[in-house]
Amino acid sequence: KQEVTQIPAALSVPEGENLVLNCSFTDSAIYNLQWFRQDPGKGLTSLLLIQSSQREQTSGRLNASLDKSSGRSTLYIAASQPGDSATYLCAVLNTDKLIFGTGTRLQVFP
Amino acid sequence: DAGVIQSPRHEVTEMGQEVTLRCKPISGHNSLFWYRQTMMRGLELLIYFNNNVPIDDSGMPEDRFSAKMPNASFSTLKIQPSEPRDSAVYFCASSLGGSPLFGQGTRLTVV
């Protein structure tokens with residue numbers, strides 16, 4: 001059974017810091033891995049999707065890497081801003097099912 | 001396309017009452033998923049359908065929960081009778097072979 005874990009569970013940093021959020025999964029037989037953002041009381045916004053054959057994806061200040069053999073992914077946020085405050089979720093696609101991690105709650109203060 | 005549409009957005013009900021959550025997937029998508037999100041357990045997959053047929057309902061917590069997909073454009077998740085511990089945000093998502101796209105969720109509060 002696929003299990004997805006995220007570390008840390010919560011993070012509070014001053015504006016401008018570079019951040020690394022971690023995601024690990026137990027079953028490497030995945031089709032892809034996706035990072036989502038969720039604002040309080042809102043739905044899920046997809047940030048980056050990495051196919052199983054890829055090593056990383058970049059979008060603006062966000063960079064996500066994938067090491068399928070070790071079951072790990074990282075989300076790197078450069079020059080963090082207060083607007084980045086949200087919960088970040090990683091999810092892996094196993095056959096048809098998207099299995100979510102436990103999430104990292106990020107707060108960036110001015 | 002308007003995306004995955006869920007209704008209602010918020011539901012408050014008394015313990016013991018029947019609750020029905022509704023979902024309209026994206027037109028053309030052939031897979032539909034119901035997820036539940038709580039503070040304690042995060043996002044959990046409850047059930048998913050492919051071509052209107054339930055494929056995996058192993059995440060459905062107990063017999064009080066049931067889901068149907070009578071056609072390709074509509075699905076329901078029913079809780080009968082509801083209990084306070086069912087309070088959560090319920091998300092519906094749909095896909096066509098790739099990663100699912102999510103609705104805005106239904107926030108259920110059972111008092």
Side-chain angles (χ1 to χ4, degrees), chain A residues 1-10 21-27 29-54 57 59 64 66 73 75 86-106, chain B residues 2-11 21 23 25-26 29-60 69 87-109:
Chain A
K1 178 186 174 185
Q2 176 74 269
E3 292 185 3
V4 183
T5 306
Q6 291 184 245
I7 294 174
L21 308 183
N22 297 291
C23 172
S24 61
F25 47 95
T26 55
D27 183 354
I30 63 171
Y31 286 112
N32 63 46
L33 183 143
Q34 200 164 358
W35 284 92
F36 291 86
R37 170 185 172 137
Q38 186 176 31
D39 292 285
K42 304 291 185 182
L44 300 168
T45 301
S46 179
L47 298 173
L48 290 165
L49 185 150
I50 312 176
Q51 300 293 347
S52 62
S53 58
Q54 296 176 322
Q57 281 287 336
S59 176
L66 174 64
S73 175
L75 178 66
T87 295
Y88 291 80
L89 296 158
C90 74
V92 296
L93 187 66
N94 277 121
T95 58
D96 282 340
K97 298 194 290 187
L98 196 61
I99 308 298
F100 282 85
T102 46
T104 294
R105 190 168 61 254
L106 172 65
Chain B
V4 177
I5 299 173
Q6 293 187 245
S7 63
R9 290 294 310 276
H10 303 273
E11 177 80 38
L21 311 181
C23 175
I26 293 173
H29 282 190
N30 62 355
S31 293
L32 183 140
F33 308 81
W34 282 101
Y35 285 85
R36 177 173 69 175
Q37 186 176 36
T38 61
M39 287 293 293
M40 292 297 295
R41 301 173 68 90
L43 264 161
E44 304 171 279
L45 178 64
L46 300 178
I47 185 171
Y48 81 95
F49 296 83
N50 186 260
N51 293 322
N52 311 338
V53 176
I55 302 300
D56 183 348
D57 65 354
S58 60
M60 294 287 263
M69 192 164 186
S87 297
V89 180
Y90 291 81
F91 286 100
C92 177
S94 69
S95 74
L96 181 62
S99 286
L101 297 175
F102 284 77
Q104 289 298 300
T106 295
R107 181 174 296 276
L108 173 66
T109 303

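Naming convention: chains lettered A, B, ... in sequence-line order (proteins, then strands); numbering from 1 in each chain.
- Contact of Phe36(A) with chain B is made through the side chain alone, with heavy-atom distances under 4.5 Å.
- Once rounded to the nearest 0.5 Å, the distance linking NZ of Lys1(A) with OG of Ser58(B) reads 8.0 Å.
- At a 4.5 Å heavy-atom cutoff, the contact between Leu45(B) and chain A is made by side-chain atoms alone.
- Of the listed residues (Gly97(B), Pro100(B), Ser99(B)), the one with the most heavy-atom contacts under 4.5 Å to chain A is Ser99(B).
- The 12-atom threshold is not exceeded at CD1 of Ile7(A), counting heavy atoms of other residues, nucleotides or ligands nearer than 6.0 Å.
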Item to check | Worked verdict on Leu98(A) versus Tyr35(B) for side chain to side chain contact (heavy atoms under 4.5 Å, CB included) | outcome: CA-CA 10 Å; Leu98(A) 196 61; Tyr35(B) 285 85; 3.2 Å; yes
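- More than 12 heavy atoms of other residues, nucleotides or ligands shown are found within 6.0 angstrom of CZ on Arg37(A).
- Near-neighbour residues of residues 44-51 of chain A relative to chain B, defined by a heavy atom under 4.5 Å from a heavy atom of that chain, comprise Leu44(A), Leu49(A).
- When every heavy atom of Gln38(A) is checked against every heavy atom of Phe91(B), the shortest pair comes out as NE2-CZ, 3.6 Å.
- Considering only residues two or more places apart in sequence or on other chains, Thr26(A) meets the side-chain hydrogen bond (donor to acceptor under 3.5 Å, both in side chains) condition with Gln2(A).
- Here the closest heavy-atom approach between residue Arg107(B) and residue Gly41(A) is recorded as NH2-CA, 3.6 Å.
- For the atom pair Phe100(A) CZ and Glu44(B) CD, the distance stands at 12.0 Å (nearest 0.5 Å).
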